[in-house]
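Reviewing the structure listed below.
All values below were derived from every heavy atom in this structure, side-chain atoms included, with hydrogens, water molecules and symmetry-related copies excluded. Counting starts at 1 for both ligands and their atoms, in listed order.
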Amino acid sequence: MILTDRLILRPARMEDLMDLHTIMSDPRAMRYWSHAAHAGTERTERYLTGMVAAVPEAEEYMVELRAAPGRVVGKAGCWRPDEVGYIFHPDVWGKGYAYEALSAILPRAFARSPDLPAITADVDPRNTASVRLLERLGFELRGRAENTFEVEGVWTDSVFLSLPRARSVSPAASIPG
Ligand SMILES: CC(C)(COP(=O)(O)OP(=O)(O)OC[C@H]1O[C@@H](n2cnc3c(N)ncnc32)[C@H](O)[C@@H]1OP(=O)(O)O)[C@@H](O)C(=O)NCCC(=O)NCCS
């Protein structure tokens, strides 16, 4: 578990299913995701099962608010060693939580994989909130590609961003226990 000023970052568990489904079934949160909003809890359960299985080796966390613990409001981290991903419930957007979470997680992801030269992100170019977030975290634009994902019959493009190890800061948040 990691504590930041306002957040609790902790490993995923199956009990998070309904909170995660609330987020991943919301068309606003899933607008630029690589697959469609989850229609049923079975789809989220498959996704969460993968997250829980990856817990020992993944630098990926469920996010709760320290002011209102017990409800997962998002998830953030490296879903594979060299690629970051994140999603938060629209209720909590615009408060700096994604930035706060990733500022704590990214240095740990580099520390966990000492030979990793950079952490990357693949973003729909229309997702300006995500691109701005990554740029604030120090990511640099590396390239773009067309027709990278087909979501419900519509092809979308990608921009690729990268955070070189040298631009990542040292861990600042406390790790209790
Ligand atoms: C992309 C996403 C994670 C951003 O989450 P967020 O929590 O709103 O992002 P941030 O925490 O960085 O903050 C966003 C805004 O809050 C502002 N902010 C930062 N710190 C703040 C603070 N302490 N208090 C208040 N506001 C703050 C920022 O200035 C930023 O505004 P700007 O974008 O106009 O510059 C969120 O929109 C999301 O979940 N989208 C859906 C999923 C998705 O698209 N994921 C990415 C796939 S690649």
Side-chain donor/acceptor pairs under 3.5 Å, residues 130-140, sequence neighbours excluded:
unit_1 : atom_1 : unit_2 : atom_2 : d
S130   : OG     : Y86    : OH     : 2.6
E140   : OE1    : R142   : NH2    : 3.0
E140   : OE2    : R167   : NH1    : 3.0

Which atom pairs, donor and acceptor, lie under 3.5 Å between side-chain atoms of residues 44-52 and protein residues at least two apart or in another chain?
unit_1 : atom_1 : unit_2 : atom_2 : d
T44    : OG1    : H21    : ND1    : 2.7
T44    : OG1    : H38    : ND1    : 2.8
Y47    : OH     : K75    : NZ     : 3.0
T49    : OG1    : E45    : O      : 2.6

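Side-chain atoms of E59 never come within 3.5 Å of backbone atoms of R112 as a donor-acceptor pair (strictly under, hydrogens ignored). The main-chain N or O of A145 is never found under 3.5 Å from a side-chain atom of S158 such that the two would form a donor-acceptor pair.
When the options G74, G94, A98, G85 are ranked by their closest heavy atom to atom 15 (C) of ligand 1, first place goes to G94. For atom 43 (C) of ligand 1, the nearest non-hydrogen atom from the set Y97, F88, Y32, Y86 comes from Y86. The heavy atom nearest to atom 27 (C) of ligand 1, considering only M30, K95, R31, is found in K95. The closest heavy-atom contact to atom 34 (O) of ligand 1, among the options H89, E135, R132, comes from R132.
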Residue pair L163, F110: steps toward the side-chain contact (heavy atoms from CB on, under 4.5 Å) verdict: CA-CA 10 Å; L163 178 70; F110 279 114; 3.8 Å; yes
R66 and R6: CA distance, side-chain angles, deciding distance, side-chain contact (heavy atoms from CB on, under 4.5 Å) verdict: CA-CA 5 Å; R66 288 177 74 167; R6 297 178 295 169; 5.6 Å; no
Derivation of the side-chain contact (heavy atoms from CB on, under 4.5 Å) call for L7 and Y97: CA-CA 8 Å; L7 307 176; Y97 291 146; 3.6 Å; yes
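Interatomic distance, NE2 of H89 versus CZ of R28, reported as 6.0 Å (0.5 Å rounding). Here the straight-line distance linking atom CD of E146 with atom CG of D157 works out to 5.0 Å at 0.5 Å rounding.
Ligand 1 has a nitrogen or oxygen under 3.5 angstrom from a nitrogen or oxygen of G96. For ligand 1, the polar-atom distance check against W93 finds a nitrogen or oxygen pair separated by under 3.5 Å.
With a 4.0 Å cut-off on non-hydrogen atoms, L133 touches ligand 1 through its side chain and not its backbone. Contacts with ligand 1 closer than 4.0 Å are made by no heavy atom of D124, backbone or side chain.
In this structure, the protein non-hydrogen atom closest to atom 41 (C) of ligand 1 is A29 O, 3.1 Å. Ranking the protein heavy atoms by distance from atom 48 (S) of ligand 1 puts S130 OG, 3.6 Å first.
Every atom of ligand 1 with a heavy atom of Y99 under 4.0 Å away is listed here by number and element: 11 (O), 12 (O). Residue-ligand proximity, N127 to ligand 1, at heavy-atom distances under 4.0 Å covers atoms 43 (C), 44 (O), 46 (C), 47 (C).
For R136, the heavy-atom gap to ligand 1 drops under 4.0 angstrom.
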